[in-house]
Asks: 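Input: one structure, supplied below.
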Protein chains: 2
Amino acid sequence: MSKRGRPRDFDYTSIVDVAMKTFWSKGYNGCSTHDLCSDTGLGKGSLYNTFGSKQDLYLAVVEHYHDTGIREQRALLECPGSVKERLQNFLAWALVEDFESMNPKGCLLINAGLERAKDDPKIEEIVSRHVEFLKQTMEKVMEEGLRTGEISKKRSAVDLASLFLSSYYGFRVLNASTQNRALAEQIMNGTIESIFGA
Amino acid sequence: MSKRGRPRDFDYTSIVDVAMKTFWSKGYNGCSTHDLCSDTGLGKGSLYNTFGSKQDLYLAVVEHYHDTGIREQRALLECPGSVKERLQNFLAWALVEDFESMNPKGCLLINAGLERAKDDPKIEEIVSRHVEFLKQTMEKVMEEGLRTGEISKKRSAVDLASLFLSSYYGFRVLNASTQNRALAEQIMNGTIESIFGA
DNA sequence: TAATTATTGTAACAATCAGTACAAAAATCA
DNA sequence: TGATTTTTGTACTGATTGTTACAATAATTA
């Protein structure tokens, strides 16, 4: 009972993956459907037949970034090891993303939120969902730190997670817009110190 | 010894101010020269005669935002009062900007950095300069807090300033992309708590 | 007043924009 | 094989992009 008609000769998710890089490096308004076609190798017919519109493809891209990103982030935050090590690894992972990977500009999710959330409620929804997931994961980590005594019990897990969340996104956007590695390392230090003391 | 020729019948900086709002709400790639003309009331002749190009006008806009912004931020951080009050006021000011003002989307400077720093080195330069100024101002405030004992002496002013800086920008971009006021208030709490303890 | 110099609005530019029309191609199913 | 169904590439659409050309306008200076 397979489908009739000519089968498409490309893989949906690998096209989304390529389009992701195009949107990532140029932004939504900064890249054209022509850019997307030439980067993916698809013709306009295939692209519009498969994804409907530039906006819909962007949604698929951001959703895909959320899916893979939240998995990666949870893996880092929920892996074995001390709480301090895990939070350090989380920031170190972001540092590599921002300074040593081929990935062009910071966190695609926050870029999408800043550029499109006001114009596209679905983008705002995905970004809010991702941030909420990430914050909850961070809260669990902070609770563990408080339970084991790694973190002084004077502060609540919610406050700690909120701080780490905002500091993390500030880290990402400062990295993307200033490319200042020395600053990045000071922020990593300052963030870890603020949670675990001197 | 005044200039010859027909004088322009508009004020340069007030046009920059209007263009700032247009770029702020729509982004660089998201607004057209037509948008800029209709918002400012200028014809294309005047606009190009005065500013040269869309890119040059954007540079003037971001520079102007930097000028006025750094003044406002320093005033908040260097005013009389306790260090805690000043840092709280700083975040409260950003909260009003992001949730209660007519200003459209977060901090124009960081938006400009994310959208244009990779394509326009002059934008990256302005953003880096602003961030550097702001961080130095924050460092002075933290030094004062350490000197007076408001802040526990276990941490360095540089670490504290770096943390506050990143948390501040994370605050701004999360506000702009999720419009979640409850989260914003948790971040304010978490940030202040992390500096001054429970 | 006459010469000079700058600003202004309008019209136009080629290029690019997102999206569509459609026929050829390629597969499945009967 | 022949009918059906989907994909694919190409050509095209009208609208918009950033920018320029230029003549009319309006001021100053001599």
Asks: Measure from the side chain of B:P7, starting at C-beta and using heavy atoms only, and say which of D:dG18, C:dT8, D:dA27 lies closest.
Replies: D:dA27
Asks: Could you tell me whether the phosphate oxygens of C:dT8, OP1 or OP2, come under 4.0 Å of any side-chain nitrogen or oxygen in B:S46?
Replies: yes
Asks: Relative to each other, are the rings of B:W93 and B:Y168 parallel, tilted or perpendicular (30° and 60° limits)?
Replies: parallel
Asks: With no angle test and no hydrogens, is the base of D:dT19 tied to the side chain of B:K44 by a donor-acceptor pair under 3.5 Å?
Replies: yes
Asks: I need the minimum non-hydrogen distance between B:I110 and B:Y169, along with the two atoms involved.
Replies: CD1-CD2, 3.9 Å
Asks: In this structure, how many angstroms lie between the C1' atom of C:dG9 and the CZ atom of B:R8, rounded?
Replies: 16 Å
Asks: Please report the distance, rounded to the nearest Å, between CG in B:D56 and P in D:dG18.
Replies: 14 Å
Asks: When the ring planes of B:H66 and B:F133 are compared, do they come out parallel, tilted or perpendicular, using 30° and 60° as the limits?
Replies: parallel
Asks: In whole Å, what is the span from the CG atom of A:N29 to the C1' atom of D:dT16?
Replies: 13 Å
Asks: Whole angstrom is fine here: how far is it from CZ in B:R6 over to C1' in D:dA26?
Replies: 5 Å
Asks: Aromatic rings A:W24 and A:Y65: how do their planes relate, parallel, tilted or perpendicular, breaks at 30° and 60°?
Replies: perpendicular
Asks: At under 4.0 Å, does any side-chain N or O of A:S32 touch on OP1 or OP2 of C:dC17?
Replies: yes
Asks: Using atom CG of A:L47 as one end and atom C1' of C:dA18 as the other, report the distance to the nearest whole Å.
Replies: 11 Å
Asks: Let me know the distance between CG of B:L42 and P of C:dT10, rounded to the nearest Å.
Replies: 13 Å
Asks: Can you tell me which nucleotide in C:dA18, C:dT8, D:dT19 comes closest to the side chain of A:T33?
Replies: C:dA18
Asks: NA contact type, A:F10, heavy-atom cut-off 4.0 Å: base, sugar-phosphate, or nothing?
Replies: sugar-phosphate
Asks: Using a heavy-atom cut-off of 4.0 Å across all strands, would you classify B:C31 as base, sugar-phosphate, or nothing?
Replies: sugar-phosphate
Asks: Under 4.0 Å from OP1 or OP2 of C:dT7: is there any side-chain N or O of B:T50 that close?
Replies: no
Asks: Roughly how many Å is it from CG in B:L36 to P in D:dT17, rounded to a whole number?
Replies: 10 Å
Asks: Among D:dT19, D:dG9, C:dT8, which nucleotide sits nearest the side chain of B:Y48?
Replies: D:dT19
Asks: So does B:V83 get a backbone contact from the side chain of B:E150, meaning a donor-acceptor N/O pair under 3.5 Å?
Replies: yes
Asks: Just the rounded figure in Å: distance from P of D:dA24 to CG of B:N49.
Replies: 18 Å
